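Predicted model only: the values in this text are computed from it and were never measured. Nothing fancy with the numbering, it's 1 onward along the sequence.
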Amino acid sequence: MVARRKVAVVGVALSDCGRVDDATPYALHAQAARRALADAGLDRSLVDGFASAGLGTLAPVEVAEYLGLRPTWVDSTSVGGSTWEVMAAHAVDAITAGHARAVLLVYGSTARADVRAGRRTGTLSFGTRGPMQFEVPYGHTLIAKYAMAARRHMIEYGTTIEQLAEVAVQARANAALNPEAMFRTPITVDEVLSGPMIADPFTKLHCCVRSDGGAAVLLVAEEYVRDCRTSPVWVLGSGESVSHAAMSEWPDFTVSPAAVSGRLAFERAGVRPAEIEVAEIYDAFTYMTLVTLEDLGFCGKGEGGAFVEKGRLRVEGGELPVNTDGGGLSAQHPGMRGLFLLVEAVRQLRGECGERQVRRRDGSPPRLAVASGTGGWFCSSGTVVLGAG
């Protein structure tokens, strides 16, 4: 049996994030890409694989051109917020097969600035064709779909609105340790509950922030690791799954596709959920964090509420620090945030997170992390298990 070629993440970076009024999405892509290459200490001439989605008519062709790249392997898979975990899995497969030596994943968005400037509205529409034609006439917005799912979990398992609010409170506590987070002032459960209602049962603080920003991740074949200035973070296993487009085709509102992608990722990595020390989970809404924790196997189905209410998600004193940068609820959320999960997971494993750094009992950085992205309204999921070098 021929040994598989190992793949490592050697460069990660964010562009300027938060409130960025004077940059285009292309500029944020470029800024993040340059920083990731500098982080790795590698020249862009090594990059022969490129993946991007969400920008341009011919993504990723237009973005690659803007960056001055001529890749011989490309991926433009677009499945919402889980896009980047799925792309990372595809990149690993390509590198393992010898189709690429170094793959750059890049994202950038000016979602916040565009709304402020009137270039777009705050309402996200996925169109009215296909399955959507049966839901759009009833005003079934994106947030309403998540709200319905959260309400189903509350009815089915007795999950309380206070438990969901705890997710936001603990994300903000982690953001308070992150100087780059948009919102760092601590919040309480009462403050979450008393905010303006957006879609029952979600008040404003149950929902992610709207920001600008970009991110980049560079993956390389194992033979190039020795040329890098950073310690490698190995991709140990990954999984991907899709569930539904129409809500009527979703078999169970309390189960996300992470139940499949997570199982596959852990099996392929040879790791159990109990061994994971840091989890970066897509959190456009508080319910996403709670149900993904269940589906990844960190607690039983229906036990997510009890799991989160004990402060387990905090960097300081938490049993399983989750969204250590503050997540989409407090740090930044410029759209398809899945790539930011990978960046934070890698930085935690490399011990580069300063005040928000998770540490083992002996003071060393964690050795195992998981990044799990969600797309659409729980339509897709990508999960990646990472291990420190």
Side-chain angles (χ1 to χ4, degrees), residues 7-18 28 31-42 84-85 87-88 91 103-108 170-171 173-182 184 211 213-220 225 228-236 238 276-283 313-316 318 320-334 337-360 363-373 382-389:
V7 178
V9 177
V10 295
V12 296
L14 301 183
S15 72
D16 294 344
C17 292
L28 295 181
Q31 189 179 58
R34 285 194 300 268
R35 290 175 179 178
L37 287 166
D39 182 55
L42 295 176
W84 309 101
E85 283 69 34
M87 281 184 172
V103 176
L104 184 64
L105 316 181
V106 190
Y107 177 68
Q170 293 175 60
N174 293 344
L177 306 175
N178 178 11
E180 296 180 335
M182 281 188 75
R184 303 179 64 197
S211 77
V217 168
L218 180 65
L219 302 99
V220 302
V225 166
C228 298
R229 58 175 295 274
T230 56
S231 298
V233 169
W234 301 100
V235 180
L236 304 181
S238 63
I276 296 297
E277 297 164 285
V278 176
E280 308 298 340
I281 292 174
Y282 207 97
D283 63 339
L313 315 186
R314 294 175 182 258
V315 169
E316 295 181 330
L320 177 68
V322 172
N323 296 337
T324 49
D325 62 347
L329 292 170
S330 287
Q332 79 287 112
H333 197 300
R337 193 179 179 271
L339 199 53
F340 292 77
L341 309 180
L342 292 168
V343 171
E344 179 67 11
V346 169
R347 286 176 168 175
Q348 284 288 344
L349 294 177
R350 296 196 317 205
E352 300 173 346
C353 290
E355 192 178 358
R356 71 180 187 279
Q357 179 63 52
V358 174
R359 297 199 178 277
R360 309 172 104 186
S364 63
R367 302 290 297 173
L368 289 171
V370 65
S372 188
T383 302
V384 179
V385 177
L386 301 165

**Message:** Once you measure the plane-to-plane angle for Tyr107 and Phe340, does it fall in the parallel (<30°), tilted (30-60°) or perpendicular (>60°) bin?
**Reply:** perpendicular

**Prompt:** Do Asn174 and Asp325 have side chains that get closer than 4.5 Å, going by heavy atoms?
**Reply:** no

**Message:** Ignoring hydrogens and geometry beyond distance, is a side-chain donor-acceptor pair present between Arg337 and Gln332 at under 3.5 Å?
**Reply:** yes

**Message:** How close do Leu105 and Leu339 get, counting heavy atoms only, and between which atoms?
**Reply:** O-CD2, 3.7 Å

**Message:** Quick one: does any side-chain atom of Gln348 pair with a main-chain N or O of Val358 as donor and acceptor, under 3.5 Å?
**Reply:** yes

**Gln357 side chain reached by Pro365 side chain, heavy atoms, under 4.5 Å** = yes

**Request:** First locate atom SG of Cys17, then atom CG of Leu28, and finally report the distance between them rounded to the nearest 0.5 Å.
**Result:** 7.5 Å

**Any side-chain heavy-atom pair of Arg350 and Asp39 under 4.5 Å** = yes

**Request:** Tell me, with the steps shown, if Val217 and Val343 meet side chain to side chain contact (heavy atoms under 4.5 Å, CB included).
**Result:** CA-CA 7 Å; Val217 168; Val343 171; 3.8 Å; yes

**Request:** Taking the side chain as every heavy atom from C-beta outward, state whether Leu236 and Leu368 have any atom pair closer than 4.5 Å.
**Result:** yes

**Item:** salt bridge (charged side-chain N to carboxylate O under 4.0 Å, His left out) against Arg35, all qualifying residues, sequence neighbours excluded
**Value:** Asp16

**Any Glu344 side-chain heavy atom under 4.5 Å of Cys353 side chain** = yes

**Request:** Grab the two heavy atoms, one from Ala8 and one from Pro232, that are nearest each other, plus how far apart they are.
**Result:** CB-CB, 3.7 Å

**Request:** Might you work through the side chain to side chain contact (heavy atoms under 4.5 Å, CB included) test for Trp84 and Leu341, ending with a clear yes or no?
**Result:** CA-CA 9 Å; Trp84 309 101; Leu341 309 180; over 6 Å; no

**Asked** Within a strict 4.5 Å, meaning less than it, do heavy atoms of the Val235 and Leu386 side chains meet?
**Response** yes

**Request:** Output all residues satisfying salt bridge (charged side-chain N to carboxylate O under 4.0 Å, His left out) with Arg314, sequence neighbours left out; order by chain, then residue number.
**Result:** none

**Request:** Dump the intermediate steps for side chain to side chain contact (heavy atoms under 4.5 Å, CB included) on Leu218 and Leu42, then the final yes or no.
**Result:** CA-CA 10 Å; Leu218 180 65; Leu42 295 176; 3.9 Å; yes

**Prompt:** Do we see a donor-acceptor contact under 3.5 Å between the side chains of Thr324 and Glu280?
**Reply:** yes

**Thr230 side chain to Val10 backbone, donor-acceptor under 3.5 Å** = yes

**Request:** Taking all heavy atoms of Ala91 and all of Leu219, pick out the closest pair and write down the distance.
**Result:** CB-CD1, 4.3 Å

**Prompt:** Taking all non-hydrogen atoms of both residues, which atom of Glu85 and which atom of Thr383 are closest, and how far apart?
**Reply:** CB-N, 4.1 Å

**Request:** Could you tell me whether the side chain of Glu352 and the main chain of Arg347 form a donor-acceptor pair under 3.5 Å?
**Result:** no

**Message:** Looking at every heavy atom in both Asn178 and Ala331, which two are closest together, and how far apart are they?
**Reply:** ND2-CB, 4.3 Å

**Separation of Leu313 CG from Asn323 CG (nearest 0.5 Å)** = 8.0 Å

**Request:** Grab the two heavy atoms, one from Met182 and one from Ser211, that are nearest each other, plus how far apart they are.
**Result:** SD-CB, 3.2 Å

